[in-house]
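Written out below as structure tokens is the structure these notes cover.
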Protein chains: 4
Amino acid sequence: MARSRTPTALRRTPQQERSRAMVERIIAAGQRVLLRDGYEKASTNRVAEEAGISPGSLYQYFPGKESILAAVVDRYSAELSTRLTAVLADRLDERGPALVRSTLDGLLDALEENVEFLRLVVQELPRSRQGSRTADLEQRIGDLVAAYLAINRSQTRGAEPATSAWIVVRLVEHLTVQYVLERPSISRATFVDEMTAMIVAYVGPPDATRTRAPS
Amino acid sequence: MARSRTPTALRRTPQQERSRAMVERIIAAGQRVLLRDGYEKASTNRVAEEAGISPGSLYQYFPGKESILAAVVDRYSAELSTRLTAVLADRLDERGPALVRSTLDGLLDALEENVEFLRLVVQELPRSRQGSRTADLEQRIGDLVAAYLAINRSQTRGAEPATSAWIVVRLVEHLTVQYVLERPSISRATFVDEMTAMIVAYVGPPDATRTRAPS
Amino acid sequence: MARSRTPTALRRTPQQERSRAMVERIIAAGQRVLLRDGYEKASTNRVAEEAGISPGSLYQYFPGKESILAAVVDRYSAELSTRLTAVLADRLDERGPALVRSTLDGLLDALEENVEFLRLVVQELPRSRQGSRTADLEQRIGDLVAAYLAINRSQTRGAEPATSAWIVVRLVEHLTVQYVLERPSISRATFVDEMTAMIVAYVGPPDATRTRAPS
Amino acid sequence: MARSRTPTALRRTPQQERSRAMVERIIAAGQRVLLRDGYEKASTNRVAEEAGISPGSLYQYFPGKESILAAVVDRYSAELSTRLTAVLADRLDERGPALVRSTLDGLLDALEENVEFLRLVVQELPRSRQGSRTADLEQRIGDLVAAYLAINRSQTRGAEPATSAWIVVRLVEHLTVQYVLERPSISRATFVDEMTAMIVAYVGPPDATRTRAPS
DNA sequence: AATGAATGAGTGTTCATTCAT
DNA sequence: GATGAATGAACACTCATTCAT
């Protein structure tokens, strides 16, 4: 019972290492099965077989089927998040349209990395099986955008930063995903231009000195 | 005995009436089961039990499980579509911000009519089970918006009407649905204001200097 | 209730005529369904549909599924029997090898008339579904053969006519059927020659004056 | 714990033993169900119940219903084949009538071992469910008989050995089976006498004047 | 007589989960 | 820890038969 909680800071015991490796193996197998067989045919037995372990062993690492699939989606979300963060890391000094443009570009890059699985998650999986990571992410990014807006945007428009942030986050998320999945006959450059124009027009130009079109 | 032979084309025989009633009963039962038990647990046997008929009888009216659930979703989509059409019918002469505002209002009204089932469809059902109704509607409305933009909007911005229409349709659809489902702490009035502002700013205000096509 | 039993000898009432016609229609439909869908898929509902009547009406003419299929097989057996009788009718004066040969020829002709259905009956249908006609026929023909043997054959061999008849009837029946169904690489002429030789050798030449090979 | 790793190739692990036992148990249950309920009523659920296991367990050992029933029939065919082979093994030096007689006797013994199941297979099961074992056996025995005839029989008759073999094999098979199943009022001794006489007369007695291949 | 909607027990099969080893 | 045989309720669907009309 008195299992020490990571005794020396970040070090893990060999058992924990092995356990983590096994969890990863199961998640990877789960993703392969989902891609190969689709959601309806993805059974625990198939995941176990794909992972090269026995069905019983699954339950040493996960409490049930749902949590396995949720972990698969969560890992994907985490990958997306990581990729996006990496891309944006060296654009931290940008502001206004350039920042928006960079964000859109990074997001599209990240989403295009694994379109097949993105399609699976968005179109095949019931939202209720998608873990909490996406919602968390929306929340966190929403907070960041709100903070940014509170600091940077012009004072001519009256909405709460939180309101604009809520709208912008969902707008960006959904439209980029749909663009990648639907591939409408719009070039990526045009899509980014349009989205940037829309967002900039909506949240207002960052520079208060800039003249706005008379309402 | 003297069963009339449907002299005027549109009259229905009693059997047809009974059949229609049964179809309705099954669809209603399917909707209740979906709401009560969720998509994964919605089985033909449960639908039959909920409808108060035997499992075999289902197959007199539907070819299989998929078609039953599809009919449930289709009926809901048809209701949505009907309500929206009705609301917008007497606003056909509006232009610009007023038209946008009316559309948003109508859409929100329609979506709020049955939030519970909207949540089910959007969050529980895999997109692939949602029938073609939604996609059809998106397409049709997209065409309408593109046509409107081609005629009405100012020439100051360069994007193709089809491009703007694609973006605006998905934006409006997703954000209104999410607003109704998430109920963020944004008043409906504010939400409509913000959306209207965003869309008008994006597609560009109708150019007052440009001659409008006579209504 | 006091329905007259064919009042004037062979005449039938109109109802009885209609009934007989319906029975025939159902049997014909049953045969088509068996040929089209196979035994395992041949359901009463399909037979009714094929006959152009409602499933319920089947039970006005037959007590159940089994009896329908039995009637189909029986009608086929009756056809076989009729054809065989017709072929043999003008050979009644023959004796010995010529009679055997004629019988084999006639039987092969009759069996080849509808090989598809013969295959179905012999290979797909459980024997227990084959009605009693075949067994009856075997019995009757066996009796005839026994009578023939009792009168015609040489007295040098000692078996009971009934014994030889039992053997010969089954031998002829099974081998001709198998020949038609398996189509081994044996010409029909050779097959008939061989069968004739075997039977004649077995039951003994009809003419006592003929020299037999020393045992 | 120290589970031996099957050092010598032919040893089986306990799991394999258990698996074999389970397969046997299912086959035996299948046979009992077939005998008790008949082919049409023999369902996987009944077999499972009779075997004292759950329906799901069936599918750990067999891929489906057909293969279970096929295994039942195959096991019976294998038993028949084994018994027949054993009986004939010590008669290999016989020729002519004695060989025919031994074969018939051995065949009748083998068939009489389990008349109940023989009846089931022959009369209840559609031929198409009888596996390939019977057809294989027919083919193999046919080849043997043809070879025997090619070497041993007199040259007085002209048919191809393959032709005579085809006829004799089917004749012997069908008549012995029918004798056992129908039990006509013919003593077994008489039946064997008659059959022997017929076959010997047909294929021709071994020509005593002809030099035999040295055994 | 004829209908055909309704039945409901039944089918073969799957699969998340358990537990003795 | 790991196994994998065993489970058994559940699934989608069928069909011989009935019976109110």
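So you know, we letter chains A, B, ... as the sequences are listed, proteins then strands, and number each from 1. Scope of the values below: all heavy atoms of this structure, side chains included, with no hydrogens, waters or symmetry mates.
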Here the distance between atom P of dG4(F) and atom CE of Met22(D), to the nearest Å, is 17 Å

If you pin Gln60(D) and Glu66(C) to their nearest nucleotides in DNA chain F, which one's is more 5'? Gln60(D)

Taking all atoms of both residues into account, what is the closest heavy-atom pair of Pro55(C) and Asn45(C), and its distance? CB-OD1, 3.6 Å

Using whole Å, what does the distance between atom P of nucleotide dG10(E) and atom CG of Leu58(B) come to? 20 Å

Using the ring pair (Phe, Tyr, Trp, His ring centres under 6.0 Å) rule, collect all pairs that involve residues 15-69 of chain A, keeping only residues at least two apart or in two chains. none

Is the shortest side-chain heavy-atom distance between Phe117(C) and Leu34(C) below 4.5 Å? yes

Applying the Watson-Crick and G-U criteria (both distances under 3.5 angstrom) with [ ] for crossing and | for other-strand pairs, one obtains for DNA chain F .||||||||||||||||||||

Does Ile53(D) reach a base, just sugar-phosphate, or nothing at all? Heavy atoms under 4.0 Å. sugar-phosphate

Distance check needed: dT14(F) P versus Glu49(C) CD, whole Å only. 14 Å

Look at the side chain of Ser57(C) and decide which nucleotide, out of dA2(E), dA5(E), dT3(F), has an atom nearest to it. dA2(E)

4.5 Å side-chain heavy-atom contact, Ile26(D) and Ile53(D): yes

Indicate whether OP1 or OP2 belonging to dA5(E) is found under 4.0 Å from a side-chain N or O atom of Tyr61(B). no

Whole-Å distance separating the CZ atom of Phe62(C) from the C1' atom of dC15(F): 18 Å

Taking N or O atoms only and anything under 3.5 Å, show me the protein contacts with nucleotides 9-12 of chain F, one pair per line.
residue : atom : partner  : partner atom : Å
dC11(F) : OP1  : Ser43(B) : OG           : 3.1
dA12(F) : OP1  : Lys65(B) : NZ           : 2.8
dA12(F) : OP2  : Thr44(B) : N            : 2.8
dA12(F) : OP2  : Thr44(B) : OG1          : 3.0

Could you check if a side-chain atom of Met22(D) sits within less than 4.5 angstrom of a side-chain atom of Gln60(D), using non-hydrogen atoms only? no

For Leu58(D) versus Thr44(D), what's the shortest heavy-atom pair and its separation? CD2-O, 3.3 Å

Separation of dA5(E) P from Arg25(B) CZ (nearest whole Å): 15 Å

Going by heavy atoms in the side chains, are Arg46(A) and Ser43(A) under 4.5 Å from each other? yes

So, Arg75(A) and Glu79(A), do they make that salt bridge, N to O below 4.0 Å? yes

Using a 4.5 Å cut-off on heavy atoms from C-beta on, say whether the side chain of Glu116(C) contacts that of Asn114(C). yes

